[in-house]
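Both ligands and their constituent atoms are indexed starting at 1 by order of listing.
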Amino acid sequence: MRILAIESSCDETAAAVLEDGKILSNVIATQAIHQKYGGVVPELASRAHQQQIIPVVSKSLADAHVCKKELDAIAFTQGPGLLGALLVGTSFAKAMALGLGIPLIGVHHMQAHILAHFIDDPKPAFPFLCLTVSGGHTQIVRVDGYLDMQIIGQTQDDAVGEAFDKTAKLLNLPYPGGPLIDKYAQQGNPLQFPFPDVDMPGYDFSFSGIKTAFLYFLRNQTAKDADFVTTHLPDICASIQHTLVQILLKKLKKAAQETGIHEIAIAGGVSANSYLRQRLTEEGQKSGWNVYIPAFEYCTDNAAMIAIAGYYKALAGQFCGQNISATPRMEW
Ligand code: KG4
Ligand code: ZN
């Protein structure tokens, strides 16, 4: 079975080709245009998807040495995401499937982040817990099967990726700030500036308070020393990163203890964070978990994850018709 997969939920236009569960190609065009605005501008994202989708899909087919007539189905990100951005991928997938007379598979973007663990070995065994951390989501998901997942905890306000990006913006770092905080933090002391942790019930998270605490901290420090950010950037980045990662690991640890599940995975853009990867590995060794961390290329948005999710949906016969529409607030 050959599947073409398309991802266009945010600021990455991506396409991949999969054959019988194996990824043959994985093409991503990142939209640099948002950098100067300090965040994704939805209208500009839609326009860039329009411009990039044909070259990206053509390259994915060429890289895979598959011609479009050899495709059996088209998988696409149905949601969640930005409406205009999703519409580009959805409309393209529908038109192409109609033209080729092949079925469509609508994929949930966050479920695809989790299923990216089934692209390469080692693969987690069911049931496993997945800490799913991206620019728009922060969840702990209990995964009982490829298509059987349940959110057991999630953020009640901002996502952790958003917390990384917003604190980076306060430090005058360009969007997306998460990878830059990670980079500067490598030279800094994570315990230099302590920030408060907010206690949330169960396995839920909250990141809006920490953002405000960070804002006041910067205001106070720069009032005393105008060069505070430039002279202390590595320590500031390391400290904020440490606080965010502590919050994530505390809840993940609680979930592992209380469910008794010791197969632990991370997914989503923030799973590219080197400190989170290191701390999770250490925690896994200490607590006797089997830890699964995706390859960097499958952490941030990509179409290979849409392809693998589409593959498992196809095996389960979960195709959709031409009446499908982009779903910005897609239910689980
Ligand atoms: O999964 P993703 O590519 O897109 C969404 O579905 O949202 O995640 C993007 C998020 C951004 O907030 C970005 O700053 C964050 O992932 N991110 C990182 C790192 N790489 C990407 N955050 C911290 N450290 C990183 N190395
Ligand atoms: Zn994502």
Side-chain angles (χ1 to χ4, degrees), residues 5-14 16 26 28-32 34-35 38-40 42 45 49 76-82 85-86 89 107-117 130-139 141 154-155 158-171 173-186 188 190 207 210-211 237-249 265-280 293-306 308-309 328-330:
I6 294 167
E7 154 64 32
S8 75
S9 65
C10 191
D11 59 343
E12 243 88 47
T13 316
N26 186 28
I28 303 176
T30 300
Q31 303 176 358
H34 307 289
Q35 270 172 11
V40 177
H49 284 307
F76 65 97
T77 304
Q78 187 186 339
L82 302 169
L86 289 167
V107 170
H108 191 293
H109 180 88
M110 296 313 294
Q111 293 181 355
H113 269 301
I114 296 171
L115 291 174
H117 281 285
C130 190
L131 174 68
T132 311
V133 277
S134 74
H137 295 82
T138 304
Q139 306 163 332
V141 180
Q154 61 189 322
T155 183
D158 292 351
V160 65
E162 206 177 336
F164 267 103
D165 296 338
K166 284 182 177 163
T167 49
K169 197 172 174 181
L170 294 173
L171 295 168
L173 298 174
Y175 178 85
L180 292 169
I181 294 209
D182 187 351
K183 182 179 141 201
Y184 290 114
Q186 282 166 23
F207 293 101
I210 179 120
K211 193 181 63 193
C237 290
S239 300
I240 191 75
Q241 176 178 264
H242 173 76
T243 308
L244 296 174
V245 168
Q246 282 292 103
I247 296 172
L248 295 174
L249 289 182
I266 46 170
V270 181
S271 64
N273 182 269
S274 57
Y275 189 66
L276 174 60
R277 294 163 85 97
Q278 175 207 326
R279 292 285 312 281
L280 182 64
I293 298 175
F296 280 110
E297 60 187 322
Y298 301 137
C299 288
T300 45
D301 289 350
N302 64 87
M305 68 183 197
I306 306 302
I308 196 84
R329 293 182 184 277
M330 193 168 175

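One option in S271, G269, P80 has a heavy atom closer to atom 17 (N) of ligand 1 than any other, and that option is G269. Distances from atom 19 (C) of ligand 1 to the heavy atoms of S134, A163, P179 put P179 nearest.
Side-chain atoms of N26 never come within 3.5 Å of backbone atoms of A16 as a donor-acceptor pair (strictly under, hydrogens ignored). Here the side chain of Q31 pairs a donor or acceptor atom with the backbone of A45 at under 3.5 angstrom. In this structure a side-chain-to-backbone donor-acceptor pair under 3.5 Å is missing from T77 to H109. Not one N or O on the side chain of R329 forms a donor-acceptor pair closer than 3.5 Å with the backbone of P80. Using modelled atom types, no side-chain atom of S8 and backbone atom of T13 make a donor-acceptor pair closer than 3.5 Å. For S134 (side chain) and G136 (main-chain N/O), a donor-acceptor pair under 3.5 Å exists by modelled atom type.
Less than 4.0 angstrom separates some heavy atom of G136 from each of these atoms of ligand 1: 7 (O). Close approach to N273 involves these atoms of ligand 1, each under 4.0 Å from a residue heavy atom: 23 (C), 24 (N), 25 (C), 26 (N). Proximity to A272 (heavy-atom distance under 4.0 Å) selects the following atoms of ligand 1: 20 (N), 26 (N). Residue contact check: H113 has heavy atoms under 4.0 Å from atoms 1 (O), 6 (O) of ligand 1. Within ligand 1, counting atoms from 1 as listed, the ones closer than 4.0 Å to a heavy atom of T300 are 3 (O), 21 (C). Listed by number with element, the atoms of ligand 1 under 4.0 Å from a non-hydrogen atom of G135 are 5 (C), 7 (O), 8 (O), 9 (C), 10 (C), 12 (O). Residue contact check: G161 has heavy atoms under 4.0 Å from atoms 12 (O) of ligand 1.
Once rounded to the nearest 0.5 Å, the distance linking CG of L244 with OH of Y275 reads 11.0 Å. Put simply, CD1 on I6 and NE2 on H49 are 11.5 Å apart, with the number rounded to the nearest 0.5 Å. Separation of atoms CD1 (I306) and CG (D301) is listed at 8.0 Å; rounding is to 0.5 Å.
Of all protein N/O/S atoms, those under 2.8 Å from the Zn ion (ligand 2) are H109 NE2, H113 NE2, D301 OD1, and waters are not counted.
No more than 12 heavy atoms of other residues, nucleotides or ligands shown are found within 6.0 angstrom of NZ on K169. Under a cut-off of 6.0 angstrom, the local environment of OH in Y184 is sparse, with at most 12 non-hydrogen atoms contributed by other residues, nucleotides or ligands.
Protein heavy atom closest to atom 22 (N) of ligand 1, with residue, atom name and distance, is G178 CA, 3.5 Å. Among protein heavy atoms, the minimum distance from atom 15 (C) of ligand 1 is reached at V270 CG2, 3.9 Å. Protein heavy atom closest to atom 11 (C) of ligand 1, with residue, atom name and distance, is D165 OD2, 3.4 Å.
The side chain of H109, and not its backbone, has at least one atom closer than 4.0 Å to an atom of ligand 1 (non-hydrogen atoms only; side chain from C-beta on). Only side-chain heavy atoms of D182 come within less than 4.0 Å of ligand 1; its backbone N, CA, C and O stay farther off.
Considering backbone and side-chain atoms together, D301 places an N or O closer than 3.5 Å to an N or O of ligand 1. Remark: ligand 1 and E12 share no N or O pair separated by less than 3.5 Å (distance only, no angle test).
With sequence neighbours excluded, the residues forming a salt bridge (Lys or Arg N to Asp or Glu O under 4.0 Å) with E162 are K166, listed by chain and number.
The shortest distance between side-chain heavy atoms of N302 and E12 does not fall below 4.5 Å.
S274 and Q186 are linked by a side-chain donor-acceptor pair at a separation below 3.5 angstrom, with hydrogens and angles left out of the test.
Judged by the shortest distance from any of its heavy atoms, C10 lies outside the 4.0 Å radius around the atoms of ligand 1.
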